[in-house]
Amino acid sequence: MDAPGTSSRTVAAYVDFDLAARLAARLVPAGPRVGRDEVADVVGELREAAASSAAPVAATARLHRDPAVAPEPPALVVDRASWARANVEALRALLEPVAVPAPPPGRRGPQQGGRADRATTAVGRRTTGAETGALLAFLSSRVLGQFDVFSGVDAGSPGRLLLVAPNVVQVERDLGVDPGDFRRWVCLHEEAHRLQFGASPWLRRWVTDEARGLSVDLLAHPRDLGERLGGVLRGLPDLLRGDDGPGAGAGLADLLQTPGQRERVRRVVAVMSLLEGHADVVMDEVGPQVVPTVATIRARFTERRRGRGSLDQLTRRLLGLDAKTRQYADGARFVRGVLERVGWDGLNAVWRGPDELPSPEEIADPAAWVRRVHG
């Protein structure tokens with residue numbers, strides 16, 4: 001309940017999600033030229049690769065779905081516009097329940113101030129929606145796949161796995177790798193993410209609650225709410241995106257006010273590093289069984305993540321994509337460090353509950369996590 005004299009609204013009052021979805025779909029860049037028959041082949045092969053990846057991923061990770069968790073639907077193979085719209089839906093599902101303080105009344109009297117406040121809110125709502133749509137349109141050409149954690153979380157619906165077909169085709173062409181092998185390799189990574197949440201029923205709710213709690217912290221100052229909402233929408237989703245996105249909370253740092261808030265971001269980033277690193281290690285461990293050219297794909301893809309030209313490198317720094325690359329690398333080093341000491345069964349203690357998740361310090365020192373959890 002609000003304190004006397006205060007009020008609050010949900011984030012939906014300040015973000016035009018419908019505008020974001022329309023604008024994102026309109027602004028997505030054109031994908032590679034693909035004939036109709038090839039489109040059908042790519043879609044079919046990605047669906048089959050996703051379905052066939054589940055068993056080897058589970059066997060390698062020695063991790064299995066909790067039978068109490070409802071099975072997720074088959075992977076959705078989407079285009080760039082559909083991916084962008086899906087991410088607007090995910091942001092809506094994440095942020096709509098979050099209550100934030102209403103802006104203070106204007107100085108010219110309650111009635112005039114109320115009208116001014118409503119007008120200001122309406123303009124800010126559309127501006128934030130437009131910024132969100134434009135950012136997702138830009139990112140739509142970079143994401144290969146994603147496990148959507150947020151959509152349906154409050155209703156108890158399962159998450160959904162998205163595979164962005166034009167981006168898969170574009171990257172396999174750019175890298176000059178075997179298309180069938182590359183598609184299976186991408187699906188191994190995304191199926192690893194799906195397994196992480198399917199094997200740990202508590203994890204999806206933990207991630208959602210942490211993201212919402214962080215949003216409340218970041219939006220606690222109504223006087224600069226519009227600017228803060230823009231920063232949150234640019235920076236928060238990167239903490240959970242499964243492929244290239246703005247990086248590792250870098251865009252959130254300027255919005256934080258207290259050491260406790262900064263530590264909360266570091267904690268979430270550490271967990272996301274675990275999830276990304278675990279998926280990377282699993283996909284490479286499975287790889288030789290089902291992807292004959294996995295070594296070539298990994299080498300070329302790692303180079304791609306670093307960015308190639310000076311303009312691309314500048315863009316990556318501005319959006320924090322370099323930080324996202326470090327997130328993959330830090331998490332993979334942690335996972336491999338734990339595996340060297342206690343193997344897959346020992347590593348899987350990390351999925352038992354929130355207390356077993358690695359701290360930011362432990363991500364950099366896997367031996368410390370092993371000592372704490374295994375003694």
(message) When you group the ILVMFWY residues by side-chain heavy-atom contacts below 4.5 Å and let the links chain together, are Leu46 and Val286 in the same group?
(response) yes
(request) Determine, using the 4.5 Å side-chain heavy-atom cutoff (strictly less than), whether Val77 and Leu188 are members of one ILVMFWY cluster. (result) yes
(request) Output, in order, the C-alpha distance, side-chain angles, deciding distance and verdict of salt bridge (Lys or Arg N to Asp or Glu O under 4.0 Å) for Arg371 and Glu362. (result) CA-CA 10 Å; Arg371 289 193 298 270; Glu362 289 169 340; over 6 Å; no
(message) Does Ser273 form a side-chain hydrogen bond (donor to acceptor under 3.5 Å, both in side chains) with Asp330? I'd like the steps, not just the answer.
(response) CA-CA 6 Å; Ser273 296; Asp330 292 346; 5.3 Å; no
(request) Sequence neighbours left out, what pairs pass salt bridge (charged side-chain N to carboxylate O under 4.0 Å, His left out) with at least one residue falling in residues 78-89? (result)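 Listed once each, the pairs are Glu89-Arg160.
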(message) Show, in sequence, the C-alpha distance, side-chain angles and deciding distance for Glu72 and Arg65, and conclude whether the salt bridge (Lys or Arg N to Asp or Glu O under 4.0 Å) test is met.
(response) CA-CA 11 Å; Glu72 291 94 354; Arg65 291 182 53 83; 2.6 Å; yes
(request) I would like to know whether Asp209 and Arg205 meet salt bridge (Lys or Arg N to Asp or Glu O under 4.0 Å); could you show each step before the answer? (result) CA-CA 6 Å; Asp209 289 346; Arg205 174 52 60 184; 3.3 Å; yes
Could you give the side-chain donor-acceptor pairs of residues 49-64 under 3.5 Å, partners two or more places apart or in another chain?
from, atom 1, to, atom 2, distance (Å)
Ser52, OG, Glu48, O, 3.0
Ser52, OG, Ala49, O, 3.2
Ser53, OG, Ala49, O, 2.6
Thr60, OG1, Pro56, O, 3.0
Arg62, NE, Asp345, OD1, 2.8
Arg62, NE, Asp345, OD2, 3.4
Arg62, NH2, Asp345, OD2, 3.2

Check [X] against [Y] and note the closest heavy-atom contact, atom names and distance.
X      : Y      : answer
Ile363 : Leu274 : CD1-N, 4.2 Å
Asp66  : Pro201 : OD2-CG, 3.4 Å
Arg267 : Leu357 : NH1-O, 3.6 Å
Arg212 : Pro97  : NH2-CG, 3.4 Å

(message) Run the side-chain hydrogen bond (donor to acceptor under 3.5 Å, both in side chains) test on Gln146 and Trp83 for me, step by step, so that the C-alpha distance in whole Å, both residues' side-chain angles and the decisive distance to 0.1 Å come before the verdict.
(response) CA-CA 9 Å; Gln146 174 189 3; Trp83 177 88; 2.7 Å; yes
